[in-house]
Amino acid sequence: MKSSSRHTFLEQVRECWDKGYLLSSKKIGSGTFSKVYLAYATHECIQNNPKLASDLRGKHHTMVAIKIISTAKAPPEFSRKFLPREISSFNATYKHLNVVQLYETYQNSERSYLVLELADRGDLLEHINMVSAQRYSPGLEEEEARRLFWQLVSAIAHCHNTGIVHRDLKCENILLDDRGFLKLTDFGFANQAVTGPKSSLLSTFCGSVAYTAPEILMSKKYNGEQADLWSLGVILYAMVMGKLPFKERQPHCMLHMMRRGPTFRPGLSTECQDLIRGLLQLCPLKRLDLQQVATHCWILPSTHTFFSALLELAPEKLVDEEPDEELKTPRPFLQSHHLQWQGVPQERLASGHKPLESWLRQSADSAGLGL
Ligand SMILES: Nc1ncnc2c1ncn2[C@@H]1O[C@H](COP(=O)(O)OP(=O)(O)OP(=O)(O)O)[C@@H](O)[C@H]1O
């Protein structure tokens, strides 16, 4: 570590200590203007923070993730617009088992700190690639995809019910924790959905190209909830196919592919195909809504599994916000698959990370589309 970075890191350690957190040097992720470190909450800090106390009680550890954002280095718009949005979306979506919890924030003139629930088993993209390599077959087994997808649908339903549209749903923004629970994060592009027929239409380009709904690619005004549902279709496709459904360099090629619709591998159940097709409907009004997704015949069996696992994990959590009994030992939610490793690398599911706005401009310029 260079001496300037060491100095900065030590300052961060001190600033976290002042708030009751022991910042470790273990970096667990980084974003454009942020670094995320593993940290430990002190006993005193837990006692003084009801959110932290309530959440850590069921976890048998004191670990948290601290996201440190260099606000001094980020463009002013980031601190003025995106960071407050991220914080207010986290606050609005508190508390759901499948959404990362924000416990507290603090800042100074250089940095902002977000103390977050830890979900340190990697993201969904890494998980799909790891399982695909183990199975020597792209994608997750349908049963595992169903269990994870149900949790994602539940997280999105919670966000939409609290008036938040995510607008950047992708495998990289879906984390897994040590109990196998899915945790939705990264609300940097989220928006408060204004209810009412027309007032809810948005016009900002955001998200990552491969997950973006066609109406946004076509620069139309869009409904944020319906756009999130398209992204859900892309994520489910990635889960069961181990690749993205539409990936093209030029917007018109991408739209052409979208019009033709997704193609599936032999052996994928017709129910799963039907659900994906229902979500990847070009016309937003024809797209399935969340209620139709949650009651789709492919997804319904997971409801039972999910609630049984939840009850076993923490029966009192379903009825009592402040459980005072010790929680039972959790059963692993995701079961490992004992499939043969054959040693030949598969094509990996690539990140669909490229931000939409820059991609649209570049592609439109090169295609002479003038979008
Ligand atoms: N709560 C968490 N628990 C564990 N790891 C996390 C957590 N939050 C973030 N990370 C890790 O840190 C990385 C960056 O976090 P995040 O995506 O929130 O940052 P960002 O600044 O919004 O990123 P970007 O600029 O790419 O949008 C994530 O990809 C993930 O690997």
Side-chain angles (χ1 to χ4, degrees), residues 12 16 21 23-41 51-52 55-56 59 61-75 77-79 81-91 93-105 107 111-130 155 159 166-191 204-212 231 235 349-359:
Q12 293 167 353
C16 288
Y21 299 98
L23 189 71
S24 84
S25 56
K26 185 174 172 189
K27 191 159 81 176
I28 49 180
S30 50
T32 320
F33 306 110
S34 67
K35 287 184 180 138
V36 182
Y37 291 94
L38 173 69
Y40 296 82
K51 281 185 176 178
L52 200 52
D55 209 44
L56 290 184
K59 297 195 175 189
H61 66 65
T62 58
M63 292 181 284
V64 294
I66 300 195
K67 181 166 168 177
I68 307 177
I69 300 143
S70 314
T71 39
K73 291 186 188 152
E77 202 193 8
F78 181 83
S79 307
K81 189 168 163 191
F82 294 104
L83 183 57
R85 247 183 210 184
E86 181 167 19
I87 294 172
S88 70
S89 304
F90 269 128
N91 286 333
T93 55
Y94 180 82
K95 112 177 220 166
H96 188 279
L97 184 65
N98 301 117
V99 181
V100 164
Q101 311 287 295
L102 173 67
Y103 301 129
E104 72 167 305
T105 62
Q107 53 279 313
R111 298 174 268 276
S112 282
Y113 293 83
L114 307 192
V115 182
L116 297 163
E117 178 182 15
L118 179 70
D120 61 350
R121 289 296 152 98
D123 64 39
L124 184 61
L125 181 73
E126 291 163 350
H127 182 70
I128 295 171
N129 281 327
M130 184 192 72
C159 294
H166 189 283
R167 301 202 299 175
D168 195 15
L169 291 174
K170 58 181 174 184
C171 294
E172 297 92 314
N173 286 339
I174 296 163
L175 305 177
L176 299 170
D177 78 359
D178 59 346
R179 300 176 298 174
F181 285 116
L182 176 152
K183 304 277 173 179
L184 177 64
T185 193
D186 202 348
F187 286 86
F189 285 135
N191 204 337
T204 319
F205 293 145
C206 51
S208 300
V209 177
Y211 294 84
T212 299
S231 309
I235 293 169
L349 173 59
S351 160
H353 186 69
K354 193 162 195 185
L356 177 63
E357 195 163 2
S358 62
W359 178 84

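Atoms within a ligand are numbered from 1 in the order they appear, just like the ligands themselves.
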Seminar exercise, completed: So for Glu117 against ligand 1, with non-hydrogen atoms under 4.0 Å, the contacting part is backbone
Exercise. In terms of side-chain geometry, is the basic nitrogen of Asp55 or Lys51 positioned less than 4.0 Å from the acidic oxygen of its partner?
Worked result: no
Exercise. Does Asp123 reach ligand 1, in the sense of a heavy atom lying below 4.0 Å from it?
Worked result: no
For this session: Nearest heavy atom to atom 5 (N) of ligand 1 wins, so pick from Ala119, Gly188, Ser208.
Result: Ala119
Exercise. Quick one: does Asp120's side chain have a donor or acceptor within less than 3.5 Å of a partner on Ile28's backbone?
Worked result: no
For this session: For Lys67, counting its heavy atoms only, list the atoms of ligand 1 lying under 4.0 Å from any of them.
Result: 16 (P), 18 (O), 19 (O), 20 (P), 21 (O), 22 (O)
Problem set entry | Sub-4.0 Å heavy-atom contact, Thr185 with ligand 1 | no
For this session: Compare Leu175, Asp177, Asp186 and give the one whose heavy atom is closest to atom 7 (C) of ligand 1.
Result: Leu175
Exercise. From Ser30 OG over to Ile68 CD1, what is the distance, rounded to the nearest 0.5 angstrom?
Worked result: 12.0 Å
For this session: State the CD1-CZ distance between Ile69 and Phe78, to the nearest 0.5 angstrom.
Result: 5.5 Å
For this session: Output the distance between atom NZ (Lys73) and atom OG1 (Thr32), rounded to the nearest 0.5 Å.
Result: 13.5 Å
For this session: For ligand 1, note which part of Thr32 has a heavy atom under 4.0 Å away: side chain, backbone, both or neither.
Result: both
Exercise. Short list, please: which atoms of ligand 1 are under 4.0 Å from a heavy atom of Ile28?
Worked result: 4 (C), 5 (N), 11 (C), 31 (O)
Seminar exercise, completed: Nearest heavy atom to atom 12 (O) of ligand 1, choosing from Gly31, Ala65, Gly29, Ser34, belongs to Gly29
Problem set entry | Any donor-acceptor N/O pair, Ser231 side chain to Tyr211 backbone, under 3.5 Å | yes
Exercise. Between atom CG of Asp186 and atom CD of Glu86, what is the distance when rounded to the nearest 0.5 Å?
Worked result: 5.5 Å
Exercise. Can you list the atoms of ligand 1 that are under 4.0 Å from a heavy atom of Ser30?
Worked result: 12 (O), 13 (C), 14 (C)
